[in-house]
Amino acid sequence: MSATRSLEYDVKDIDLASKGKQRIEWAEREMPVLRLIRERFAEEKPLDGVKLVACAHITTETANLARALQAGGAESILIASNPLSTQDDVAASLVSDWGIPVFAIKGESTETYNRHVRTALDSHPEIIIDDGSDVVATLIKERGNQIKELIGSTEETTTDIQRLKAMETAGVLTFPSIAVNNAQTKHFFDNRYGTGQSTLDGIIRATNILLAGRNLVVVGYGWCGKGVALRARGMGSNVIVTEIDPIKAVEAVMDGFRVMPMSEAAPIGDIFVTVTGNRHVIDGQHFEKMKDGAIVCNSGHFDLELNLVALREMSSEPQTIRPFVEEYKVKRSGSRVIVLGEGRLINLAAAEGHPASVMDMSFANQALSVEYLVRNKGTLQPGVHLLPAEVDTEIASLKLKALGISIDALTAEQLEYISSWETGT
Ligand SMILES: NC(=O)c1ccc[n+]([C@@H]2O[C@H](COP(=O)([O-])OP(=O)(O)OC[C@H]3O[C@@H](n4cnc5c(N)ncnc54)[C@H](O)[C@@H]3O)[C@@H](O)[C@H]2O)c1
(Lines give C-alpha, C1' and ligand atoms only; values in the text may rest on other atoms or scores of the structure.)
Protein backbone atom coordinates (compact mmCIF):
# COMPACT_ATOMS: atom_id res chain seq x y z
CA MET A 1 0.00 0.00 0.00
CA SER A 2 1.33 3.50 -0.84
CA ALA A 3 0.31 7.09 -0.42
CA THR A 4 0.53 10.21 -2.57
CA ARG A 5 -0.59 13.64 -1.40
CA SER A 6 -1.73 11.77 1.75
CA LEU A 7 -3.98 9.56 -0.40
CA GLU A 8 -4.04 5.85 0.45
CA TYR A 9 -4.06 3.57 -2.58
CA ASP A 10 -2.79 0.22 -3.85
CA VAL A 11 -1.92 0.24 -7.56
CA LYS A 12 0.80 -1.52 -9.51
CA ASP A 13 2.85 1.50 -10.62
CA ILE A 14 1.85 5.14 -10.12
CA ASP A 15 4.23 6.14 -12.94
CA LEU A 16 1.84 4.57 -15.46
CA ALA A 17 -0.56 7.50 -14.87
CA SER A 18 0.15 9.55 -18.00
CA LYS A 19 -0.59 6.59 -20.30
CA GLY A 20 -3.76 5.88 -18.33
CA LYS A 21 -4.93 9.50 -18.57
CA GLN A 22 -4.55 9.49 -22.34
CA ARG A 23 -6.59 6.30 -22.62
CA ILE A 24 -9.29 7.54 -20.23
CA GLU A 25 -9.70 10.68 -22.34
CA TRP A 26 -9.80 8.58 -25.51
CA ALA A 27 -12.66 6.48 -24.06
CA GLU A 28 -14.48 9.66 -23.04
CA ARG A 29 -14.87 10.61 -26.71
CA GLU A 30 -17.18 7.59 -27.09
CA MET A 31 -19.16 8.34 -23.92
CA PRO A 32 -21.26 11.42 -24.73
CA VAL A 33 -24.20 10.47 -22.52
CA LEU A 34 -22.01 10.06 -19.46
CA ARG A 35 -20.28 13.36 -20.30
CA LEU A 36 -23.64 15.18 -20.31
CA ILE A 37 -24.45 13.63 -16.94
CA ARG A 38 -21.03 14.66 -15.61
CA GLU A 39 -21.59 18.23 -16.75
CA ARG A 40 -25.01 18.39 -15.08
CA PHE A 41 -23.61 16.77 -11.92
CA ALA A 42 -20.84 19.40 -11.82
CA GLU A 43 -23.49 22.13 -11.72
CA GLU A 44 -26.06 20.51 -9.43
CA LYS A 45 -23.76 18.51 -7.08
CA PRO A 46 -26.46 15.91 -6.30
CA LEU A 47 -23.95 13.63 -4.53
CA ASP A 48 -22.31 16.29 -2.42
CA GLY A 49 -20.21 14.63 0.32
CA VAL A 50 -21.68 11.15 -0.28
CA LYS A 51 -19.20 8.40 0.66
CA LEU A 52 -19.19 5.86 -2.14
CA VAL A 53 -17.42 2.58 -2.88
CA ALA A 54 -17.33 1.32 -6.46
CA CYS A 55 -16.31 -2.30 -6.99
CA ALA A 56 -15.92 -2.49 -10.75
CA HIS A 57 -13.59 -3.56 -13.53
CA ILE A 58 -10.96 -0.81 -13.39
CA THR A 59 -11.06 0.18 -17.04
CA THR A 60 -11.04 3.47 -18.95
CA GLU A 61 -14.85 3.44 -19.01
CA THR A 62 -15.10 2.95 -15.23
CA ALA A 63 -12.68 5.84 -14.85
CA ASN A 64 -15.14 8.06 -16.71
CA LEU A 65 -17.93 6.90 -14.41
CA ALA A 66 -15.71 7.77 -11.42
CA ARG A 67 -15.12 11.24 -12.91
CA ALA A 68 -18.88 11.80 -13.25
CA LEU A 69 -19.50 10.72 -9.64
CA GLN A 70 -16.68 12.96 -8.46
CA ALA A 71 -18.13 15.90 -10.42
CA GLY A 72 -21.41 15.26 -8.59
CA GLY A 73 -19.61 15.67 -5.27
CA ALA A 74 -19.17 12.01 -4.27
CA GLU A 75 -16.11 10.90 -2.30
CA SER A 76 -15.34 7.60 -4.00
CA ILE A 77 -13.01 4.68 -3.44
CA LEU A 78 -12.55 2.22 -6.30
CA ILE A 79 -11.66 -1.46 -5.99
CA ALA A 80 -11.39 -4.18 -8.62
CA SER A 81 -14.35 -6.50 -9.13
CA ASN A 82 -12.10 -9.17 -10.63
CA PRO A 83 -8.43 -9.99 -10.03
CA LEU A 84 -7.60 -10.01 -13.75
CA SER A 85 -9.63 -7.10 -15.14
CA THR A 86 -7.69 -4.09 -13.81
CA GLN A 87 -5.92 -1.79 -16.26
CA ASP A 88 -2.94 -0.72 -14.16
CA ASP A 89 -2.37 2.54 -16.04
CA VAL A 90 -5.99 3.57 -15.47
CA ALA A 91 -5.74 2.78 -11.75
CA ALA A 92 -2.58 4.93 -11.56
CA SER A 93 -4.15 7.84 -13.42
CA LEU A 94 -7.28 7.88 -11.23
CA VAL A 95 -5.05 8.24 -8.18
CA SER A 96 -2.59 10.68 -9.67
CA ASP A 97 -4.74 12.84 -11.95
CA TRP A 98 -8.09 12.80 -10.20
CA GLY A 99 -7.12 12.10 -6.59
CA ILE A 100 -9.44 9.08 -6.40
CA PRO A 101 -8.18 6.25 -4.14
CA VAL A 102 -7.92 2.99 -6.09
CA PHE A 103 -7.10 -0.44 -4.65
CA ALA A 104 -6.61 -2.70 -7.68
CA ILE A 105 -3.72 -4.49 -9.36
CA LYS A 106 -4.02 -6.70 -12.43
CA GLY A 107 -3.27 -10.26 -11.38
CA GLU A 108 -3.80 -9.61 -7.67
CA SER A 109 -4.24 -12.71 -5.51
CA THR A 110 -7.63 -13.67 -4.13
CA GLU A 111 -6.26 -12.71 -0.72
CA THR A 112 -5.38 -9.18 -1.91
CA TYR A 113 -8.73 -8.92 -3.68
CA ASN A 114 -10.55 -9.77 -0.45
CA ARG A 115 -8.34 -7.38 1.53
CA HIS A 116 -9.31 -4.57 -0.85
CA VAL A 117 -13.00 -5.33 -0.32
CA ARG A 118 -12.49 -4.90 3.42
CA THR A 119 -10.39 -1.74 2.97
CA ALA A 120 -13.26 -0.29 0.95
CA LEU A 121 -15.75 -1.14 3.69
CA ASP A 122 -13.46 0.54 6.25
CA SER A 123 -14.41 3.84 4.55
CA HIS A 124 -18.02 3.38 5.79
CA PRO A 125 -19.75 3.82 2.41
CA GLU A 126 -23.23 5.28 2.08
CA ILE A 127 -23.51 4.02 -1.50
CA ILE A 128 -22.02 0.81 -2.94
CA ILE A 129 -21.70 0.26 -6.67
CA ASP A 130 -21.14 -3.49 -6.99
CA ASP A 131 -20.25 -5.71 -9.93
CA GLY A 132 -20.53 -9.20 -8.52
CA SER A 133 -22.12 -8.47 -5.11
CA ASP A 134 -18.89 -9.15 -3.23
CA VAL A 135 -18.93 -5.86 -1.31
CA VAL A 136 -22.62 -6.12 -0.44
CA ALA A 137 -22.26 -9.79 0.58
CA THR A 138 -19.24 -8.96 2.79
CA LEU A 139 -21.09 -6.03 4.35
CA ILE A 140 -24.03 -8.27 5.23
CA LYS A 141 -21.90 -11.18 6.45
CA GLU A 142 -19.23 -9.28 8.38
CA ARG A 143 -20.22 -5.65 8.94
CA GLY A 144 -23.89 -5.78 9.94
CA ASN A 145 -23.39 -2.75 12.19
CA GLN A 146 -22.49 -0.61 9.13
CA ILE A 147 -25.69 -1.39 7.19
CA LYS A 148 -27.54 1.50 8.87
CA GLU A 149 -25.03 3.91 7.29
CA LEU A 150 -25.92 2.70 3.79
CA ILE A 151 -28.34 4.66 1.58
CA GLY A 152 -28.36 1.83 -0.95
CA SER A 153 -26.42 -0.11 -3.57
CA THR A 154 -26.44 -0.77 -7.29
CA GLU A 155 -25.56 -4.01 -9.09
CA GLU A 156 -24.05 -4.12 -12.56
CA THR A 157 -24.30 -7.72 -13.72
CA THR A 158 -26.86 -10.47 -14.41
CA THR A 159 -25.47 -13.17 -12.13
CA ASP A 160 -25.53 -10.99 -9.08
CA ILE A 161 -29.05 -9.69 -9.50
CA GLN A 162 -29.89 -13.36 -8.83
CA ARG A 163 -27.68 -13.23 -5.71
CA LEU A 164 -29.43 -10.04 -4.55
CA LYS A 165 -32.83 -11.66 -5.06
CA ALA A 166 -31.60 -14.61 -2.98
CA MET A 167 -30.56 -12.13 -0.25
CA GLU A 168 -34.02 -10.52 -0.49
CA THR A 169 -35.72 -13.91 -0.10
CA ALA A 170 -33.47 -14.74 2.85
CA GLY A 171 -34.53 -11.44 4.47
CA VAL A 172 -30.96 -10.06 4.69
CA LEU A 173 -31.26 -7.33 2.05
CA THR A 174 -32.40 -4.59 4.40
CA PHE A 175 -31.60 -1.66 2.09
CA PRO A 176 -32.62 -0.69 -1.46
CA SER A 177 -30.50 -2.04 -4.31
CA ILE A 178 -30.91 -1.03 -7.94
CA ALA A 179 -30.63 -3.77 -10.56
CA VAL A 180 -28.75 -1.71 -13.15
CA ASN A 181 -28.30 -4.80 -15.35
CA ASN A 182 -32.07 -5.01 -15.81
CA ALA A 183 -32.35 -1.59 -17.43
CA GLN A 184 -32.98 -2.11 -21.14
CA THR A 185 -30.28 0.41 -22.05
CA LYS A 186 -27.87 -1.83 -20.12
CA HIS A 187 -28.40 -5.48 -21.01
CA PHE A 188 -29.77 -5.03 -24.57
CA PHE A 189 -26.49 -3.34 -25.54
CA ASP A 190 -23.74 -4.05 -23.00
CA ASN A 191 -24.46 -7.77 -22.57
CA ARG A 192 -25.26 -8.40 -26.24
CA TYR A 193 -23.11 -6.11 -28.39
CA GLY A 194 -20.46 -5.37 -25.75
CA THR A 195 -19.86 -8.98 -24.71
CA GLY A 196 -20.31 -10.14 -28.31
CA GLN A 197 -17.50 -7.99 -29.65
CA SER A 198 -15.14 -7.91 -26.67
CA THR A 199 -15.25 -11.67 -26.04
CA LEU A 200 -14.07 -12.37 -29.57
CA ASP A 201 -11.53 -9.55 -29.15
CA GLY A 202 -10.19 -11.33 -26.03
CA ILE A 203 -9.95 -14.70 -27.80
CA ILE A 204 -8.21 -13.16 -30.80
CA ARG A 205 -5.75 -11.07 -28.75
CA ALA A 206 -4.86 -14.09 -26.59
CA THR A 207 -4.43 -16.57 -29.44
CA ASN A 208 -4.34 -14.73 -32.79
CA ILE A 209 -6.38 -17.59 -34.29
CA LEU A 210 -8.63 -17.34 -37.33
CA LEU A 211 -12.30 -17.72 -36.39
CA ALA A 212 -13.49 -18.38 -39.93
CA GLY A 213 -14.40 -21.98 -40.58
CA ARG A 214 -14.08 -23.04 -36.92
CA ASN A 215 -16.81 -24.71 -34.89
CA LEU A 216 -17.44 -22.20 -32.11
CA VAL A 217 -19.64 -23.45 -29.29
CA VAL A 218 -21.58 -20.81 -27.34
CA VAL A 219 -22.71 -22.17 -23.99
CA GLY A 220 -25.84 -20.24 -22.92
CA TYR A 221 -28.03 -18.24 -25.32
CA GLY A 222 -28.93 -15.36 -23.03
CA TRP A 223 -28.09 -11.74 -23.80
CA CYS A 224 -24.34 -12.32 -23.79
CA GLY A 225 -24.59 -15.63 -25.67
CA LYS A 226 -26.70 -14.05 -28.42
CA GLY A 227 -24.05 -11.38 -28.90
CA VAL A 228 -21.16 -13.84 -29.02
CA ALA A 229 -23.03 -16.12 -31.45
CA LEU A 230 -24.02 -13.23 -33.71
CA ARG A 231 -20.53 -11.79 -33.93
CA ALA A 232 -18.83 -15.19 -34.29
CA ARG A 233 -21.11 -15.96 -37.23
CA GLY A 234 -20.10 -12.62 -38.71
CA MET A 235 -16.45 -13.71 -38.50
CA GLY A 236 -17.27 -16.92 -40.40
CA SER A 237 -17.45 -19.42 -37.54
CA ASN A 238 -19.90 -22.33 -37.59
CA VAL A 239 -21.74 -21.53 -34.39
CA ILE A 240 -23.19 -24.25 -32.18
CA VAL A 241 -25.35 -23.33 -29.17
CA THR A 242 -25.94 -25.34 -26.00
CA GLU A 243 -28.78 -24.40 -23.62
CA ILE A 244 -30.88 -25.74 -20.78
CA ASP A 245 -33.87 -23.44 -21.41
CA PRO A 246 -36.19 -24.77 -24.17
CA ILE A 247 -37.35 -21.24 -25.13
CA LYS A 248 -33.80 -19.93 -25.58
CA ALA A 249 -32.94 -23.12 -27.47
CA VAL A 250 -35.81 -22.59 -29.94
CA GLU A 251 -34.70 -18.97 -30.33
CA ALA A 252 -31.19 -20.13 -31.20
CA VAL A 253 -32.56 -22.63 -33.73
CA MET A 254 -34.72 -19.94 -35.38
CA ASP A 255 -31.74 -17.59 -35.43
CA GLY A 256 -30.10 -20.24 -37.59
CA PHE A 257 -27.70 -21.94 -35.16
CA ARG A 258 -27.18 -25.65 -34.49
CA VAL A 259 -28.35 -26.59 -31.00
CA MET A 260 -27.23 -29.71 -29.16
CA PRO A 261 -26.24 -30.91 -25.68
CA MET A 262 -22.68 -30.26 -24.48
CA SER A 263 -21.93 -34.00 -24.62
CA GLU A 264 -22.40 -33.81 -28.43
CA ALA A 265 -20.75 -30.41 -28.87
CA ALA A 266 -17.64 -31.34 -26.84
CA PRO A 267 -16.01 -33.61 -29.46
CA ILE A 268 -16.71 -31.30 -32.44
CA GLY A 269 -16.03 -27.84 -31.04
CA ASP A 270 -12.82 -25.98 -31.88
CA ILE A 271 -13.55 -23.04 -29.55
CA PHE A 272 -15.88 -22.99 -26.54
CA VAL A 273 -17.22 -19.84 -24.87
CA THR A 274 -19.27 -20.07 -21.68
CA VAL A 275 -21.72 -17.25 -20.87
CA THR A 276 -24.27 -18.79 -18.53
CA GLY A 277 -23.67 -17.40 -15.03
CA ASN A 278 -23.82 -21.05 -13.97
CA ARG A 279 -21.36 -23.48 -12.48
CA HIS A 280 -19.35 -26.23 -14.25
CA VAL A 281 -21.22 -25.95 -17.53
CA ILE A 282 -18.13 -27.51 -19.10
CA ASP A 283 -17.15 -30.37 -16.81
CA GLY A 284 -14.61 -33.18 -16.61
CA GLN A 285 -16.53 -35.55 -18.88
CA HIS A 286 -16.68 -32.84 -21.57
CA PHE A 287 -12.95 -32.00 -21.39
CA GLU A 288 -12.22 -35.68 -21.82
CA LYS A 289 -14.07 -35.80 -25.15
CA MET A 290 -12.53 -32.68 -26.67
CA LYS A 291 -10.39 -32.62 -29.81
CA ASP A 292 -6.67 -32.08 -29.54
CA GLY A 293 -6.09 -28.30 -29.38
CA ALA A 294 -9.65 -27.32 -28.42
CA ILE A 295 -9.74 -23.78 -26.97
CA VAL A 296 -11.93 -23.11 -23.96
CA CYS A 297 -12.79 -19.78 -22.34
CA ASN A 298 -15.39 -18.04 -20.23
CA SER A 299 -17.09 -14.67 -20.47
CA GLY A 300 -19.60 -15.19 -17.65
CA HIS A 301 -19.09 -13.28 -14.43
CA PHE A 302 -17.40 -15.86 -12.20
CA ASP A 303 -14.52 -18.20 -12.97
CA LEU A 304 -16.43 -21.36 -12.15
CA GLU A 305 -18.26 -21.96 -15.44
CA LEU A 306 -15.37 -24.20 -16.52
CA ASN A 307 -14.59 -26.96 -14.03
CA LEU A 308 -10.85 -26.27 -13.99
CA VAL A 309 -10.39 -28.23 -10.77
CA ALA A 310 -11.52 -31.37 -12.60
CA LEU A 311 -9.39 -30.49 -15.65
CA ARG A 312 -6.32 -30.02 -13.44
CA GLU A 313 -6.90 -33.40 -11.78
CA MET A 314 -7.25 -35.25 -15.08
CA SER A 315 -4.29 -33.54 -16.82
CA SER A 316 -0.55 -33.25 -16.50
CA GLU A 317 0.91 -29.94 -15.22
CA PRO A 318 -0.47 -27.04 -17.37
CA GLN A 319 2.04 -25.14 -19.51
CA THR A 320 1.81 -21.42 -20.21
CA ILE A 321 2.14 -21.03 -23.98
CA ARG A 322 1.51 -17.27 -24.29
CA PRO A 323 0.04 -14.65 -21.93
CA PHE A 324 -3.46 -15.83 -20.91
CA VAL A 325 -3.00 -19.16 -22.74
CA GLU A 326 -2.48 -22.36 -20.74
CA GLU A 327 -2.27 -25.84 -22.22
CA TYR A 328 -3.51 -28.89 -20.31
CA LYS A 329 -2.72 -32.40 -21.57
CA VAL A 330 -5.59 -34.72 -20.69
CA LYS A 331 -3.96 -37.95 -19.51
CA ARG A 332 -6.60 -40.42 -20.65
CA SER A 333 -7.25 -39.02 -24.17
CA GLY A 334 -3.80 -37.54 -24.77
CA SER A 335 -5.49 -34.40 -26.14
CA ARG A 336 -4.38 -30.87 -25.34
CA VAL A 337 -7.04 -28.50 -24.03
CA ILE A 338 -6.18 -24.81 -24.17
CA VAL A 339 -7.67 -22.64 -21.41
CA LEU A 340 -7.71 -18.86 -21.87
CA GLY A 341 -7.48 -16.28 -19.09
CA GLU A 342 -7.57 -18.86 -16.27
CA GLY A 343 -11.30 -19.24 -16.94
CA ARG A 344 -11.97 -15.63 -15.91
CA LEU A 345 -13.87 -13.13 -18.06
CA ILE A 346 -11.81 -13.39 -21.25
CA ASN A 347 -12.89 -10.01 -22.62
CA LEU A 348 -11.40 -8.27 -19.59
CA ALA A 349 -8.47 -10.60 -18.96
CA ALA A 350 -7.01 -10.59 -22.47
CA ALA A 351 -8.67 -7.54 -24.04
CA GLU A 352 -9.99 -4.23 -22.71
CA GLY A 353 -13.57 -5.16 -21.85
CA HIS A 354 -16.52 -3.61 -23.63
CA PRO A 355 -16.04 -0.73 -26.03
CA ALA A 356 -16.71 2.66 -24.43
CA SER A 357 -19.75 3.33 -26.60
CA VAL A 358 -21.84 0.60 -24.89
CA MET A 359 -20.44 1.33 -21.44
CA ASP A 360 -21.64 4.91 -22.02
CA MET A 361 -25.21 3.69 -21.54
CA SER A 362 -24.42 1.14 -18.80
CA PHE A 363 -22.59 3.73 -16.74
CA ALA A 364 -25.18 6.43 -17.44
CA ASN A 365 -27.53 3.98 -15.70
CA GLN A 366 -25.06 3.60 -12.82
CA ALA A 367 -24.63 7.36 -12.36
CA LEU A 368 -28.39 8.01 -12.52
CA SER A 369 -29.07 5.09 -10.14
CA VAL A 370 -26.71 6.57 -7.57
CA GLU A 371 -28.41 9.96 -7.96
CA TYR A 372 -31.84 8.29 -7.64
CA LEU A 373 -30.81 6.52 -4.43
CA VAL A 374 -29.43 9.73 -2.91
CA ARG A 375 -32.41 11.88 -3.94
CA ASN A 376 -34.81 9.27 -2.52
CA LYS A 377 -32.79 8.57 0.62
CA GLY A 378 -34.95 7.05 3.33
CA THR A 379 -38.05 6.69 1.14
CA LEU A 380 -37.26 3.55 -0.90
CA GLN A 381 -38.27 0.15 0.48
CA PRO A 382 -35.53 -2.41 1.15
CA GLY A 383 -35.11 -4.89 -1.73
CA VAL A 384 -34.24 -5.01 -5.42
CA HIS A 385 -35.48 -2.00 -7.45
CA LEU A 386 -35.50 -1.07 -11.12
CA LEU A 387 -34.69 2.41 -12.35
CA PRO A 388 -37.88 4.13 -13.55
CA ALA A 389 -38.63 3.35 -17.23
CA GLU A 390 -38.42 7.07 -18.15
CA VAL A 391 -34.73 7.00 -17.23
CA ASP A 392 -34.14 4.18 -19.73
CA THR A 393 -35.95 6.14 -22.45
CA GLU A 394 -34.02 9.28 -21.58
CA ILE A 395 -30.67 7.46 -21.85
CA ALA A 396 -31.63 5.96 -25.23
CA SER A 397 -32.80 9.39 -26.47
CA LEU A 398 -29.51 11.01 -25.43
CA LYS A 399 -27.57 8.22 -27.14
CA LEU A 400 -29.51 8.70 -30.38
CA LYS A 401 -28.91 12.43 -30.19
CA ALA A 402 -25.19 11.84 -29.70
CA LEU A 403 -25.19 9.51 -32.71
CA GLY A 404 -26.92 12.21 -34.79
CA ILE A 405 -29.96 10.02 -35.38
CA SER A 406 -33.52 11.32 -35.10
CA ILE A 407 -36.67 9.23 -34.99
CA ASP A 408 -40.38 9.85 -35.46
CA ALA A 409 -42.77 10.93 -32.71
CA LEU A 410 -46.32 9.69 -32.35
CA THR A 411 -48.92 11.96 -33.93
CA ALA A 412 -51.88 13.01 -31.74
CA GLU A 413 -54.07 10.70 -33.84
CA GLN A 414 -51.71 7.73 -33.30
CA LEU A 415 -51.47 8.41 -29.59
CA GLU A 416 -55.23 8.45 -29.27
CA TYR A 417 -55.52 5.26 -31.34
CA ILE A 418 -53.06 3.20 -29.33
CA SER A 419 -54.48 4.48 -26.04
CA SER A 420 -58.10 3.51 -26.81
CA TRP A 421 -59.86 0.16 -26.84
CA GLU A 422 -62.93 1.11 -28.87
CA THR A 423 -61.65 1.05 -32.45
CA GLY A 424 -61.75 -2.47 -33.97
CA THR A 425 -62.31 -3.94 -37.45
N1 LIG B 1 -18.12 -10.64 -20.07
C2 LIG B 1 -18.76 -9.57 -19.68
O3 LIG B 1 -18.24 -8.46 -19.76
C4 LIG B 1 -20.17 -9.69 -19.18
C5 LIG B 1 -21.10 -8.68 -19.44
C6 LIG B 1 -22.42 -8.84 -18.98
C7 LIG B 1 -22.75 -10.00 -18.28
N8 LIG B 1 -21.80 -10.94 -18.01
C9 LIG B 1 -22.09 -12.19 -17.30
O10 LIG B 1 -22.36 -13.19 -18.30
C11 LIG B 1 -23.24 -14.18 -17.77
C12 LIG B 1 -24.46 -14.29 -18.70
O13 LIG B 1 -25.18 -13.07 -18.66
P14 LIG B 1 -26.52 -12.89 -19.53
O15 LIG B 1 -26.96 -11.49 -19.32
O16 LIG B 1 -26.33 -13.42 -20.90
O17 LIG B 1 -27.49 -13.87 -18.70
P18 LIG B 1 -28.84 -14.57 -19.21
O19 LIG B 1 -29.56 -14.97 -17.98
O20 LIG B 1 -29.53 -13.67 -20.20
O21 LIG B 1 -28.31 -15.85 -20.00
C22 LIG B 1 -27.71 -16.97 -19.43
C23 LIG B 1 -28.17 -18.19 -20.24
O24 LIG B 1 -27.42 -19.34 -19.83
C25 LIG B 1 -28.29 -20.45 -19.87
N26 LIG B 1 -27.73 -21.55 -19.06
C27 LIG B 1 -27.71 -21.71 -17.71
N28 LIG B 1 -27.12 -22.87 -17.38
C29 LIG B 1 -26.72 -23.45 -18.54
C30 LIG B 1 -26.06 -24.67 -18.88
N31 LIG B 1 -25.69 -25.54 -17.93
N32 LIG B 1 -25.80 -24.93 -20.18
C33 LIG B 1 -26.19 -24.08 -21.16
N34 LIG B 1 -26.85 -22.93 -20.91
C35 LIG B 1 -27.11 -22.62 -19.62
C36 LIG B 1 -29.60 -19.90 -19.34
O37 LIG B 1 -30.69 -20.71 -19.70
C38 LIG B 1 -29.64 -18.52 -20.01
O39 LIG B 1 -30.30 -18.56 -21.26
C40 LIG B 1 -23.55 -13.73 -16.36
O41 LIG B 1 -22.65 -14.33 -15.48
C42 LIG B 1 -23.30 -12.23 -16.41
O43 LIG B 1 -23.06 -11.72 -15.11
C44 LIG B 1 -20.54 -10.83 -18.47
Side-chain angles (χ1 to χ4, degrees), residues 55-59 61-62 81-82 84-85 130-134 155-165 179-203 217-231 240-253 255 257 259-266 269 272-283 285-286 297-307 340-341 343-356 358-359 361-363 365-366:
C55 178
H57 302 298
I58 308 299
T59 61
E61 295 79 19
T62 300
S81 60
N82 185 294
L84 271 190
S85 64
D130 230 349
D131 186 347
S133 283
D134 282 343
E155 175 51 55
E156 172 76 3
T157 200
T158 323
T159 293
D160 297 282
I161 308 283
Q162 289 160 18
R163 269 175 108 191
L164 284 175
K165 288 196 173 140
V180 169
N181 181 74
N182 294 3
Q184 295 187 61
T185 46
K186 199 280 184 180
H187 66 271
F188 278 14
F189 306 100
D190 169 319
N191 300 31
R192 182 167 38 176
Y193 304 114
T195 314
Q197 177 169 320
S198 62
T199 299
L200 297 189
D201 186 15
I203 296 170
V217 181
V218 177
V219 188
Y221 201 65
W223 290 103
C224 295
K226 287 189 222 312
V228 174
L230 183 71
R231 293 301 181 238
I240 295 168
V241 169
T242 71
E243 252 297 342
I244 45 107
D245 178 338
I247 298 171
K248 302 281 176 60
V250 175
E251 203 181 355
V253 170
D255 283 344
F257 299 115
V259 175
M260 60 185 76
M262 180 51 76
S263 56
E264 287 175 30
F272 295 80
V273 184
T274 56
V275 260
T276 67
N278 206 348
R279 181 185 182 82
H280 297 171
V281 295
I282 301 188
D283 216 335
Q285 77 263 25
H286 306 126
C297 67
N298 168 50
S299 213
H301 189 77
F302 288 113
D303 62 343
L304 40 64
E305 302 214 7
L306 311 173
N307 189 350
L340 306 185
R344 296 191 187 278
L345 295 152
I346 187 60
N347 58 336
L348 283 142
E352 294 173 60
H354 294 355
V358 286
M359 294 317 292
M361 288 189 285
S362 303
F363 285 164
N365 275 290
Q366 281 288 6

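Positions are given from 1, in the same order as the sequence printed here. Both counts, for ligands and for their atoms, begin at 1 and track the order of listing.
In terms of protein heavy-atom proximity, atom 43 (O) of ligand 1 is closest to Thr157 OG1, 2.5 Å. Among all protein heavy atoms, the one lying closest to atom 21 (O) of ligand 1 is Gly222 CA, 3.1 Å. Nearest protein heavy-atom contact of atom 10 (O) of ligand 1 is Gly300 CA, 3.5 Å. For atom 22 (C) of ligand 1, the closest heavy atom belonging to the protein is Thr276 O, 3.6 Å. When hydrogens are left out, the protein atom nearest atom 16 (O) of ligand 1 is Cys224 N, 2.8 Å; that is the closest non-hydrogen contact. In this structure, atom 20 (O) of ligand 1 lies nearest to the protein heavy atom Trp223 N, 3.2 Å.
The shell of residues lying under 4.0 angstrom from ligand 1, judged by heavy atoms, includes Lys248. Under the 4.0 angstrom criterion for non-hydrogen atoms, His354 is in contact with ligand 1.
Of all atoms in ligand 1, listed by their number and element, those nearer than 4.0 Å to a heavy atom of Asn191 are 6 (C), 7 (C), 15 (O). Atoms of ligand 1 found under 4.0 Å from any heavy atom of Asn278 (numbered from 1 in listed order, with element): 27 (C), 28 (N). Set against the non-hydrogen atoms of Gly220, the atoms of ligand 1 under 4.0 Å away are 24 (O), 25 (C), 33 (C), 34 (N). Counting the atoms of ligand 1 from 1 in the order shown, those under 4.0 Å from a heavy atom of Thr195 are 1 (N), 2 (C), 4 (C), 5 (C), 6 (C). When each atom of ligand 1 is checked for a heavy atom of Val275 under 4.0 Å away, the hits are 12 (C), 22 (C). Residue Asp245 has at least one heavy-atom neighbour below 4.0 Å for each of these atoms of ligand 1: 37 (O).
Looking only at atom types and distance, the side chain of His354 has a donor-acceptor partner in the side chain of Asp190 under 3.5 Å away. A donor-acceptor contact closer than 3.5 angstrom is absent between the side chains of Ser263 and Gln285.
With Glu155, Arg192, Glu243, Glu251 as candidates, the residue nearest to atom 38 (C) of ligand 1 on a non-hydrogen basis is Glu243. If you check each of Val281, Asn347, Asp283 against atom 31 (N) of ligand 1, the one with the closest non-hydrogen atom is Val281. Among Asp131, Thr158, Ile346, the residue whose heavy atom lies closest to atom 14 (P) of ligand 1 is Thr158. The nearest non-hydrogen atom to atom 29 (C) of ligand 1, considering only Ile244, Ile247, Asn181, comes from Ile244.
Paired with Met262 under the rule side-chain contact (heavy atoms from CB on, under 4.5 Å), one option of Asp283, Ile244, Ile282 passes, and it is Ile282.
From Leu306, atom CG reaches atom SG of Cys297 across 7.5 Å, with rounding to the nearest 0.5 Å. Atom CG of residue Leu345 and atom NE2 of residue His301 lie 6.5 Å apart, to the nearest 0.5 angstrom. Separating the CD1 atom in Ile346 from the CG atom in Asn298 is a distance of 9.0 Å, to the nearest 0.5 Å.
Nearest approach of Ala56 to Thr62, heavy atoms of both residues: CB-CG2, 3.7 Å. The heavy-atom pair separating Thr195 from Cys224 by the smallest distance is OG1-SG, 3.5 Å.
The side-chain hydrogen bond (donor to acceptor under 3.5 Å, both in side chains) test applied to Asn278 returns no partner, not counting sequence neighbours. Taking Asp255 as the reference, Tyr221 meet the side-chain hydrogen bond (donor to acceptor under 3.5 Å, both in side chains) condition, with sequence neighbours excluded.
Although no hydrogens or angles enter the test, the distance criterion places no donor-acceptor pair under 3.5 Å between the side chain of Ser299 and the main chain of Thr199. No side-chain donor-acceptor contact under 3.5 Å links Asp130 to the backbone of Gly132. Under the 3.5 Å distance criterion, the side-chain polar atoms of His187 are matched with a main-chain donor or acceptor of Asn181.
Between Gln162 and ligand 1, not a single N/O pair is under 3.5 Å apart. Polar contact with ligand 1: present for Thr159 (N/O pair, distance under 3.5 Å). Geometrically, ligand 1 and His301 share a nitrogen or oxygen pair separated by less than 3.5 Å. Ligand 1 has no N or O atom lying under 3.5 Å from any N or O atom of Phe302, backbone or side chain. In terms of N/O distances under 3.5 Å, ligand 1 is not approached by Thr199. Of the polar atoms of Ser299, at least one N or O is found under 3.5 Å from an N or O of ligand 1, judged by distance alone.
Salt bridge Arg163/Glu155: absent, no basic N to carboxylate O contact under 4.0 Å.
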